[in-house]
Amino acid sequence: GIQPMGGVLDRYRRFRVDGKPVATGVAAVGDAWACSNPTLGRGIALGLWHVCLLREVVGEHVEDPGGFAEAWDEVTETKLAPWYRETVEEDRARVAEIEALRNGLAPPPAPKGSWLALMPAMFGAVALDPDVFRVFMASRACLTRLGETCADEGFVERVLELGRNSEPPPLPGPDRSQLLALLECALGS
């Protein structure tokens, strides 16, 4: 039978309670620290970056378990947690959009003032402007978060100008009605 992929969840671990480390000698790295839906493909990049940061922190605090726990939490929270949060935010918005479209409803609007509101225009502008393309790819390659880039008003204006009247690129493959027709044909209905 068909084995669906299951158990995709967003998970985030932090070994602090009331602002204090609760374990020394523990360094949750990569997916052991946090994981999200793999659709953006950031897991390996963030995991490797996390390991590089671990090497630095261990080198600085090898003789100080308490200092290590503090420093590891700090570097993880400042360098990687924003990527995790942005990934989860984008993923949840996309799931809500898919569910709405699946149910014949209009997709819910992005929260006011959120960089997510720019995404429809961004998808149109990516194909039209090499700078927008580079920014988008930098976000996917874990170089610059879209939330940071979208704080630049000039960039936002450019994306909106380019993406205002552009249609999103067509999805590869059949749409839902075409797929159902193909299935009916294949099943001989």
With [X], which residues qualify under side-chain contact (heavy atoms from CB on, under 4.5 Å), at least two apart?
| X | value |
| --- | --- |
| A93 | L116 |
| P108 | A96, A100 |
| F15 | V22, V26, A28 |

Would you find more than 12 non-hydrogen atoms of other residues, nucleotides or ligands less than 6.0 Å from [X] atom [atom1]?
| X | atom1 | value |
| --- | --- | --- |
| Y12 | OH | yes |
| E63 | CD | no |
| L179 | CG | yes |

Of the non-hydrogen atoms in [X] and [Y], which two are nearest, and what is the gap between them?
| X | Y | answer |
| --- | --- | --- |
| C35 | Y84 | O-CE1, 3.3 Å |
| T87 | L40 | CG2-CD1, 3.8 Å |
| L118 | C150 | CD2-SG, 3.3 Å |
| D10 | N37 | OD1-N, 3.5 Å |
| A121 | L160 | CB-CD2, 4.0 Å |
| A27 | L54 | CB-CD1, 3.7 Å |

Restricting to salt bridge (Lys or Arg N to Asp or Glu O under 4.0 Å), what partner residues turn up for [X], sequence neighbours left out?
| X | answer |
| --- | --- |
| E89 | none |
| E56 | none |
| R11 | none |

Under 4.5 Å between side-chain heavy atoms, hopping through other hydrophobics if needed: is there a path connecting [X] to [Y]?
| X | Y | value |
| --- | --- | --- |
| V88 | L146 | no |
| F133 | M122 | yes |
| V58 | V51 | yes |
| V135 | L128 | yes |

For the pair [X] (side chain) and [Y] (backbone), establish whether a donor and an acceptor sit closer than 3.5 Å, ignoring hydrogens and angles.
| X | Y | result |
| --- | --- | --- |
| N103 | L105 | no |
| R145 | E148 | no |
| E60 | V57 | no |

TODO: Carefully, step by step, assess T76 and L53 under the rule side chain to side chain contact (heavy atoms under 4.5 Å, CB included).
DONE: CA-CA 8 Å; T76 298; L53 293 169; over 6 Å; no

Any side-chain heavy-atom pair from [X] and [Y] closer than 4.5 angstrom?
| X | Y | result |
| --- | --- | --- |
| S36 | D91 | no |
| F68 | T24 | no |
| R42 | R140 | yes |
| W72 | E77 | no |
| D129 | R134 | no |
| S139 | E90 | no |
| F136 | T144 | no |
| L46 | C142 | yes |

Task: Salt-bridge present (R158, D131; N to O < 4.0 Å) - done: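 Result for this pair is no, no salt bridge flagged.
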
- [ ] Using a strict 4.0 Å threshold on nitrogen-to-oxygen distance, state whether K20 and E70 make a salt bridge.
- [x]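 No, K20 and E70 are not salt-bridged.
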
Task: R102 side, atom CZ; E97 side, atom CD - distance, nearest 0.5 Å - done: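 Between atom CZ of R102 and atom CD of E97 there are 14.0 Å.
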
TODO: Measure the spacing between CD of E99 and CZ of R94 and express it to the nearest 0.5 Å.
DONE: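 It comes to 11.0 Å.
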
Open item on the list: Between E86 and W115, is the side chain to side chain contact (heavy atoms under 4.5 Å, CB included) condition met? List the steps.
Closed with: CA-CA 10 Å; E86 185 171 283; W115 60 271; 3.2 Å; yes

Open item on the list: Centre-to-centre under 6.0 Å for H50 and W83, is that the case here?
Closed with: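 Not close enough - the centres of the two rings lie 6.0 Å or further apart.
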
TODO: Could you please spell out the steps behind the side chain to side chain contact (heavy atoms under 4.5 Å, CB included) verdict for L143 and M137?
DONE: CA-CA 9 Å; L143 299 173; M137 292 311 295; over 6 Å; no

